[in-house]
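To start, the structure under review is shown below, and the notes come after it.
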Number of protein chains: 2
Amino acid sequence: MQRATMNRPPVSEGQNARNAPCAACPVREQALCAALNDKEIGRLNEISVTRRYSAGETVINEGSAANSGYNLISGHVKLYKLLSDGRRQITGFLVPGDFIGISASELYSYSAEAIDETVLCGFPRTGLDSLMQQIPGLLHRMLSIASDELMQAQEHALLLGRKTAAERVSTFLLSLARRHGDNARGGNGGLQIPLPMTRSDIADYLGLTTETVSRVLSELKRASIIRLPTRSSVEIVSAEALESRSDQL
Amino acid sequence: MQRATMNRPPVSEGQNARNAPCAACPVREQALCAALNDKEIGRLNEISVTRRYSAGETVINEGSAANSGYNLISGHVKLYKLLSDGRRQITGFLVPGDFIGISASELYSYSAEAIDETVLCGFPRTGLDSLMQQIPGLLHRMLSIASDELMQAQEHALLLGRKTAAERVSTFLLSLARRHGDNARGGNGGLQIPLPMTRSDIADYLGLTTETVSRVLSELKRASIIRLPTRSSVEIVSAEALESRSDQL
DNA sequence: CGACAGGTTGAGGTACCTCAACGTCGGTGG
DNA sequence: CCACCGACGTTGAGGTACCTCAACCTGTCG
């Protein structure tokens, strides 16, 4: 289980290229890397360090120095902010190909935690910054990632500020389905979707309680709009019904 | 009231430089322009068009083609998204120096409306894009603006998803105070802050109703934490009391 | 001055939360 | 291999923070 690439310090050792060859990377054509040609990606590779995180492990701590960026290779990560009394708002769930660590300030303004067994490809910020100066395409890609996240964040604000519990859950399920793609149709033509996060995570993402999330899911199930084969997956039987309950998206 | 610079088409006429000389621009050192030297800003100036908007006028319509960006010169603008039944979520209030029109897609994903008499400096997206390709500093500046907005959006999600009405209003007043700066102290040492937006705007920003906003403001006033000299201004008597009621920020 | 949009205050309703009990599943050790 | 354990999830009953509806107040502008 332990691998040679684990826990390596962010200082380049000249061997990372061999340990984590970008050509074989499952997210080579996504994420930051899509912007780079093979030569450029070699330079990114020189400063990158892959590392495995187990479920629940913290990747980023709110308030700590923002000196790394990460590509999510496999697994899932949640981003969140806390209030002093422990109330939590999850601002996003990340899937492979997503970038972690865009930061305007010197300190991270949010925390990041692995949801399940996860592999990240980390870059020291200094190296990333100098590469961005040398490769305008990389800078441009970063802007496009940030713009996209901003759009999602505004959609999320609409959900949190103005949607009902049923609308929030329906919207959430649809956005999962959209991101998961149209593959993986179940036996009855439904869409099988993994739910790696807990009900508590979902609640903290939607601004609800676990009980309310559970109740809405149960009601959707009772109405035969979804099925819940396991606690960590949903099958969407009628996306249309969800759409009509989600008010857009 | 009509001015020569009003309603000019985005095609450069070679006179805009004289009509809107950047050197005299009140937000020359802020916004996008801070990233540019005098020569570069001349090129930005060539493609820019200033235009005046009166209160309530729409600047950007959600769903329309995203072919302009704007610098806010003076006045105030609100950004918002709507649900099909008219529920509205305001995602931000902009002040002079802010940029409007970051967009990941071809279409705007939000609307923008002038709150009061407002002057914007507009750029066609094509021109902005080619300038960004030629001037890396401009691209970099844009990324830093986007990152900053993203951070604010996450803070806003925390407010909408997890804060009480009293906490939301207190947080809002403090963030206004912070942006307004520490100038403008009132007679009794309080901080005078203009409130150009209506109670309804504030409610739609905070995910509340106008009645709830009004009740919380009245309570803060009763507790001598704020004063309400006019309907469009607040005086913050005790920022400390607001901080303790806002849970961070 | 009259009218109207914006704002405040009150009374009652409700969507969601809180608290509590019970179910369920996956892992672990006897 | 099965029994137990604990974390996660579901369901129910009651409470409450905020919403809804309605009346009234206030300033602003023709």
Side-chain angles (χ1 to χ4, degrees), chain A residues 54-56 78 83 85-90 113 115-117 159-170 172 194-223 226-234 245 247, chain B residues 1 54-56 78 83 85-90 113 115-117 159-172 194-223 226-234 245 247:
Chain A
S54 42
K78 60 192 176 201
L83 292 176
D85 62 0
R87 279 174 290 172
R88 181 178 66 158
Q89 179 63 45
I90 292 184
E113 188 181 312
I115 290 176
D116 47 15
E117 195 73 11
L159 178 150
L160 292 172
R162 288 302 181 217
K163 289 192 179 181
T164 66
E167 288 168 344
R168 294 181 200 201
V169 173
S170 301
F172 173 66
L195 276 184
M197 67 293 286
T198 66
R199 298 290 188 270
S200 168
D201 287 341
I202 298 174
D204 283 350
Y205 178 70
L206 298 178
L208 301 170
T209 59
T210 60
E211 293 94 328
T212 298
V213 169
S214 185
R215 275 186 253 272
V216 173
L217 287 175
S218 296
E219 201 211 306
L220 291 174
K221 179 178 164 190
R222 228 175 292 124
I226 63 171
R227 297 200 320 122
L228 296 168
T230 71
R231 59 170 58 178
S232 61
S233 70
V234 212
R245 281 165 197 242
D247 207 301
Chain B
M1 200 210 257
S54 43
K78 60 191 174 201
L83 293 175
D85 62 358
R87 281 173 289 171
R88 182 178 65 159
Q89 179 62 47
I90 291 183
E113 187 182 312
I115 290 176
D116 47 14
E117 194 75 9
L159 178 149
L160 292 172
R162 289 301 182 219
K163 290 193 178 181
T164 66
E167 287 168 344
R168 294 181 201 201
V169 173
S170 302
T171 303
F172 173 67
L195 277 185
M197 68 293 287
T198 65
R199 298 291 189 268
S200 168
D201 287 341
I202 297 174
D204 283 350
Y205 178 71
L206 298 179
L208 301 170
T209 59
T210 59
E211 293 94 329
T212 299
V213 170
S214 184
R215 276 186 252 271
V216 172
L217 286 175
S218 295
E219 202 212 304
L220 290 174
K221 179 179 165 188
R222 229 174 291 125
I226 63 171
R227 298 200 320 121
L228 295 167
T230 71
R231 60 170 56 180
S232 61
S233 70
V234 213
R245 281 165 197 242
D247 207 302

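Note: hydrogens, waters and symmetry copies are ignored here, and every other heavy atom, side chains too, is used.
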Remember a base hit wins even if backbone is also touched, and classify G207(A) as base, sugar-phosphate or nothing at under 4.0 Å, heavy atoms.
-> sugar-phosphate
How large an angle, rounded to 10°, do the end axes of the helix from dC1(C)-dG30(D) to dG30(C)-dC1(D) enclose when each is built from five base pairs?
-> 30°
For A166(A) and V216(A), which heavy atoms make the closest approach, and how far apart are they?
-> CA-CG1, 4.0 Å
Return the value, rounded to whole Å, for the distance between atom CZ of R162(B) and atom C1' of dA17(D).
-> 14 Å
Contact state string [nucleotides 1-14 of chain C, B base, S sugar-phosphate only, - no protein heavy atom under 4.0 Å] = -----BSBBBB---
Heavy-atom closest pair (L160(B) atom, Q89(B) atom, distance to 0.1 Å) is CD1-NE2, 3.8 Å
Verify, without hydrogens or angle tests, whether R231(A) (side chain) and R199(A) (backbone) share a donor-acceptor contact under 3.5 angstrom.
-> no
Can you tell me how far C1' of dC16(C) sits from CG of L160(A), to the nearest Å?
-> 15 Å
Please report the closest heavy-atom contact between I90(A) and D201(A), naming both atoms and the distance.
-> CD1-O, 3.4 Å
Measure the distance from CD1 on I202(B) to P on dC18(D) and round it to the nearest whole Å.
-> 17 Å
Touch check for T230(B), heavy atoms < 4.0 angstrom, all strands: base, sugar-phosphate only, or nothing?
-> nothing
Starting at atom NZ of K163(A), determine the distance to atom C1' of dC16(C), rounded to an integer number of angstrom.
-> 18 Å
Could you work out which one of dT20(D), dC16(C), dC18(D) sits closest to the side chain of T209(B)?
-> dT20(D)
Length of the CD1-P vector between I115(A) and dC8(D), whole Å | 13 Å
Scanning both residues in full, the closest heavy-atom pair of T210(A) with S200(A) reads CG2-CA, 3.3 Å
Search all heavy atoms of A55(A) against all heavy atoms of I115(A) and return the closest pair with its distance.
-> CB-O, 3.3 Å
When every non-hydrogen atom of R88(B) is compared with those of D204(B), the smallest separation belongs to NE-OD2, 2.6 Å
Find the distance E219(A):CD to dC16(C):P and express it as a whole number of Å.
-> 11 Å
Quickly work out the R168(A) CZ to dA15(C) C1' distance and round it to whole Å.
-> 11 Å
Nearest whole angstrom, please: distance from the P of dC25(C) to the CG of L195(A).
-> 16 Å
Determine, for R87(A) against D247(B), whether the closest basic-nitrogen to carboxylate-oxygen distance falls under 4.0 angstrom.
-> yes
Partner residues of R245(A) under the salt bridge (charged side-chain N to carboxylate O under 4.0 Å, His left out) criterion, sequence neighbours left out | E219(A)
